[in-house]
Amino acid sequence: MEPLYGPIRDYAWGSRSAIALLQGRPVPSPGPEAELWLGAHPGAPASVERAGARVSLCDLVRDEPGQWLGQRVAGRFGSRLPFLLKVLAADSPLSLQAHPDAEQARAGFAAEADRPTSERNYSDPHHKPELLVALTPFEALCGFRDPVESAEALAAFGVPELTPVVDALRNGPAGLRTAVGTLLGWPAAERDGLLRAVISSPADGPDAELARRLAKAYPGDPGVLVALLLHHVRLVPGEAIWMPAGNLHAYLSGCGVEIMAASDNVLRGGLTPKRVDVDELVRVLRFEVLDDPVRAARPVAPGVDCWAVPVDDFALHRVRVGADVPEATLALPGPRVVLCGAGSVTVDDGAGALTLASGEAAIGTAAGEPLRITGDGEAYVATSGLR
């Protein structure tokens, strides 16, 4: 194992304390720290040391896929690391968004090849399913809830202009496409008035509170009302949310470990100053009710948990070692990226042992032996999902 150095993205919604505290640095940080990237995505690749200098993991994997990925992973995904591990820390809401499936991504990327970069929805031909595991209490919107519940939430505002949307939602899942399309396509000149009527309504309750909170952050944004069609999820540390293709979601606050397929294809519909393409978002959305977006950890060995997902791009395991479980061994195929989430752990893949403090990361190539983890702390181990 060798140290892996990840860049921190300074998006405006980022926390000025969460990642710094994880890494033992002073708080507040000089600016927002939104995401720590631990992977080989070309947008912000992590690095390792070679001859006293930092070298991009993206370049190493591309030039030496057999060593870093192994024959099976390279055969399935080509000369690229198929997953990206992150620490995400949100102080304010992120955009309302969804991601395409693999077929949609390939077709969309090819169709937009001649467009200027600023006008593209698809930056690569890959899908982007995601799993987020809460490190702190974490709040998110994830997947459509029962449309009848959403209809009552909107009806409670007593705003006559919303009647067609309420009526569509009372038809059940069949009305979701109409409701979302109507709200996101609301005439720009009328949006401010609609949102003012909603937030000035005497309606009370969690939905009204959420609408006012989002409207304060994004005034005049119709995504405020679309948010009320989604599950409002509050995770405790260790709980996760799974976001497959076509799942409309938004992170609101908190810090978590996120793993995803290595793609940057994001289709936004609101709660953002960034580019929005409502037609393309509606085209890729799955207009179906998500029964329960929350996933609990599943024990797979003493001190080892995982969150099962139906993709082979990635898998995530949590390892807790200490007095009760002094050592854990994971026979996971490489490459392996390990993040220490708390305390201190020593990770050994047979090629070399490395001790990590909280917030530090390591990587091992495909040639490594089963991981042996000791110490007194918590680690997150990211691998491909191939078994």
Side-chain angles (χ1 to χ4, degrees), residues 11-16 32 34 88-98 137-170 175-235 241 247-254 266-278 281-282 285 293:
Y11 308 134
W13 49 262
S15 169
R16 296 184 65 181
L88 182 146
D91 253 7
S92 58
L94 281 67
S95 61
L96 196 65
Q97 60 186 256
F138 197 95
E139 189 180 5
L141 303 169
C142 184
F144 291 112
R145 63 175 175 172
D146 183 344
V148 176
E149 292 181 9
S150 301
E152 298 315 308
L154 294 181
F157 292 115
V159 177
E161 291 86 348
L162 289 175
T163 298
V165 178
V166 171
D167 289 344
L169 291 170
R170 284 178 172 155
L176 281 171
R177 181 183 294 272
T178 297
V180 171
T182 301
L183 290 172
L184 292 182
W186 209 274
E190 301 174 14
R191 291 176 181 176
D192 285 343
L194 175 67
L195 266 295
R196 280 197 299 271
V198 167
I199 63 176
S200 63
S201 162
D204 197 8
D207 290 308
E209 180 184 349
L210 176 63
R212 294 185 180 106
R213 173 182 163 195
L214 294 177
K216 183 177 181 180
Y218 297 100
D221 192 319
V224 169
L225 297 178
V226 176
L228 302 185
L229 311 188
L230 307 180
H231 290 283
H232 188 181
V233 177
R234 292 177 175 86
L235 303 177
I241 46 175
N247 176 302
L248 191 61
H249 62 277
Y251 297 146
L252 301 182
S253 66
V266 180
L267 297 164
R268 299 178 177 88
L271 307 184
T272 180
K274 295 183 179 180
R275 184 175 183 275
V276 170
D277 187 331
V278 172
L281 174 67
V282 170
L285 282 181

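Not measured: the values here are computed from a predicted model.
- One finds no salt bridge joining Arg212 and Asp207 here, because no Lys/Arg side-chain nitrogen approaches an Asp/Glu carboxylate oxygen to under 4.0 Å.
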Go through the steps for Asp91 and Trp13 under the test side-chain contact (heavy atoms from CB on, under 4.5 Å), then give the verdict.
CA-CA 6 Å; Asp91 253 7; Trp13 49 262; over 6 Å; no

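- A heavy-atom distance below 4.5 Å is not found between the side chains of Leu210 and Val224.
- At least one donor-acceptor pair closer than 3.5 Å links the side chain of Tyr218 to the backbone N or O of Pro93.
- Contact check for Tyr251 versus Phe138: side-chain heavy atoms found under the 4.5 Å cut-off.
- Between the OG1 atom in Thr163 and the CZ atom in Arg170 there is a gap of 8.5 Å [rounded to 0.5 Å].
- Under the side-chain contact (heavy atoms from CB on, under 4.5 Å) test applied with Leu169, the options Val148, Leu154, Asp146 reduce to a single match, Leu154.
- The line from CH2 of Trp186 to CG of Asp192 is 13.5 Å long, rounded to the nearest 0.5 Å.
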Run the side-chain contact (heavy atoms from CB on, under 4.5 Å) check on Val198 and Leu162 step by step: do they pass?
CA-CA 10 Å; Val198 167; Leu162 289 175; 4.2 Å; yes

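- Across Pro160 and Gly158, no two heavy atoms sit closer than the pair CD-O, 3.4 Å.
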Before giving the answer on side-chain contact (heavy atoms from CB on, under 4.5 Å), spell out for Leu141 and His231 the whole-Å C-alpha distance, their side-chain angles and the decisive distance to 0.1 Å.
CA-CA 5 Å; Leu141 303 169; His231 290 283; over 6 Å; no

Show the numbers, then the answer: is there a side-chain contact (heavy atoms from CB on, under 4.5 Å) between Phe144 and Val180?
CA-CA 11 Å; Phe144 291 112; Val180 171; 3.8 Å; yes

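- Nearest heavy atom pair, residue Leu94 against residue Ala250, reads O-CB, 3.8 Å.
- Cys142 approaches Leu230 most closely through the heavy-atom pair N-CB, 4.2 Å.
- How far CG of Leu96 is from CG of Asp221: 8.0 Å, rounded to the nearest 0.5 Å.
- Between Arg145 and Ala153, the shortest heavy-atom distance links the atoms NH2-CB, 3.4 Å.
- Contact between Ala203 and Ala156 at its shortest, heavy atoms only, is CB-O, 3.4 Å.
- Checking side-chain atoms of Thr272 against main-chain N and O of Ser95 turns up no donor-acceptor pair under 3.5 Å.
- The structure places CZ of Arg268 at 4.5 Å from NZ of Lys274, a figure rounded to the nearest 0.5 Å.
- Closest approach of Ala98 and Leu281 over heavy atoms only: CB-CD1, 3.7 Å.
- Residues Glu139 and His232 are in side-chain contact: their nearest non-hydrogen atoms beyond the backbone lie under 4.5 Å apart.
- Residue Leu228 holds its CG atom at 13.0 Å from CD of Glu152, rounded to the nearest 0.5 Å.
- Here the straight-line distance linking atom CZ of Arg234 with atom CG of Leu252 works out to 9.0 Å at 0.5 Å rounding.
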